[in-house]
2 protein chains.
Amino acid sequence: MAAALELYDERGFEQTTVADIAERAGVTERTFFRHFGDKREVLFDRDGGLQTAFVEALAAAPADADAWTALAPALDAGCDFLADRRDHARRRQRVIDATPGLQERELLKLAALTAALTAGLRGRGLSELAAGVAAEAVVGAFRVAFTRWIDPAEDRDLRTVGRAALAELRAVVS
Amino acid sequence: MAAALELYDERGFEQTTVADIAERAGVTERTFFRHFGDKREVLFDRDGGLQTAFVEALAAAPADADAWTALAPALDAGCDFLADRRDHARRRQRVIDATPGLQERELLKLAALTAALTAGLRGRGLSELAAGVAAEAVVGAFRVAFTRWIDPAEDRDLRTVGRAALAELRAVVS
DNA sequence: AGAGTGATGTCAGGTGCTGACATCGACACG
DNA sequence: CGTGTCGATGTCAGCACCTGACATCACTCT
């Protein structure tokens, strides 16, 4: 994973072959594909952790809390999961933003997160429609907050920006 | 495009080679790649129209309307764009849902839509954060509404479901 | 009639990815 | 201590995706 990120960053995703990554990592091309499904997945291996952070925090919210108050701490938990890896996140995101193929994969991971949150909200009694839009909105807020947090001009921490995004959403919807 | 959809539907995306599609369409594999960037793109060629419908409706809203009241007719326009192609949408979506690679591409198109709406909202004076979360929320609502509309058990038209999704969002956020 | 233009065909080649089989070291068991 | 199992890795062959370069052909403008 480190070798791949380095190479993608140095010379670009397209200009890097799997053989290059394997060589730098000291293994064979074939064993690369045994660890990662494809050339893109090597950058997204840890995304499961983000999703579990979200989902567990949602599940931990009091059962009688309404959806919105249950989602806020879930967003907090997701933000905290990344809080102390900002430099790495920047580096990684620079590579992703430069490559449509990697953006696709990132969106798929976020869609999985949305689906997981939708399921969690359904378990709290929300309708399919309500759970779906709520999950989409929260993940969208996370995405926007993350993008701002990555910006070098931004000095607030991710959790703060995430809260601000939720507040903006609430303001714009009403 | 017709040949590709047929084949993807008949035997699956992975089990279909570009040579198969080209043969059924009566052209060469090389010609296929001159018309479509890759094997997936052939299913998403018309997505620009959806985005245009959204964006133009947003631009057409009165300049002094607040974001939410400007976004509602944009969502309507997007829904209307698909309204009379429900059978085709079902068929196409069945293929997409069965193939992660196609879901990725679909999400990328929706992300482009989100970006375009964000730009439109910024032009109306919203902050980056506010425009971003609003666009994400509306596109999310569209996605959820579309999914419900595709469901055979659903008998409302897309526009109605879209409106309902917005109402649910408003309800859950407040 | 001839030149230009755009779409298509043909060919060669690189890269991503997979299946099948071989190798090797760690460990358990008798 | 010898042996068998098992998981990780290496090796190799091969298909499918995608691209660049050049040729061909129909069509159009002059």
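Letters A, B, ... are given to chains in the order of the sequence lines, protein chains preceding strands, and every chain is numbered from 1. Computed from heavy atoms alone, side chains included, the values below leave out hydrogens, waters and symmetry copies. Quantities reported herein were computed from a predicted structural model and do not represent experimental measurements.
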Rounded off to whole Å, could you give me the [atom1]-to-[atom2] distance for the [X] and [N] pair?
X       : N      : atom1 : atom2 : answer
A:Glu23 : D:dT11 : CD    : C1'   : 17 Å
B:Phe33 : C:dC11 : CZ    : C1'   : 15 Å
B:Ile21 : D:dA16 : CD1   : C1'   : 12 Å
B:Glu14 : D:dC15 : CD    : P     : 18 Å
A:Lys39 : C:dT18 : NZ    : P     : 14 Å
B:Glu41 : D:dT19 : CD    : P     : 12 Å
B:Gln15 : C:dT18 : CD    : C1'   : 14 Å
B:Arg40 : D:dA16 : CZ    : C1'   : 13 Å

Which nucleotide wins on minimum distance to the side chain of [X], given the candidates [options]?
X       : options               : result
A:His35 : D:dT9, C:dC17, C:dT10 : D:dT9
B:Glu29 : C:dT8, D:dC18, C:dC17 : D:dC18
B:Val27 : D:dG10, D:dC17, C:dG9 : C:dG9

Between C:dG19 and A:Arg30, counting only base atoms on the nucleotide and side-chain atoms on the residue, is there a donor-acceptor pair under 3.5 Å? yes
base_contact_polar (D:dG10 base, A:Arg34 side chain, donor-acceptor, <3.5 Å): yes
Indicate, with a heavy-atom threshold strictly under 4.0 Å, whether B:Thr28 touches base, sugar-phosphate, or nothing. base
Out of the candidates A:Asp9, A:Asp47, A:Asp87, only one should pair with A:Arg92 under the salt bridge (charged side-chain N to carboxylate O under 4.0 Å, His left out) rule; please name it. A:Asp47
Report yes or no: is the cationic atom of A:Arg40 (NZ for Lys, CZ for Arg) closer than 6.0 Å to the six-membered ring centre of A:Tyr8, at no more than 45° off its axis? no
If you group Ile, Leu, Val, Met, Phe, Trp and Tyr by side-chain heavy-atom gaps below 4.5 Å, do B:Val42 and B:Phe44 land in one group? yes
Phosphate-side-chain proximity, A:Thr31 and D:dA8, N/O vs OP1/OP2 below 4.0 Å: no
Closest contact, heavy atoms only, B:Arg122 versus B:Ala131: CG-CB, 3.8 Å
Show, in sequence, the C-alpha distance, side-chain angles and deciding distance for B:Leu75 and B:Phe54, and conclude whether the side chain to side chain contact (heavy atoms under 4.5 Å, CB included) test is met. CA-CA 6 Å; B:Leu75 178 60; B:Phe54 264 93; 3.9 Å; yes
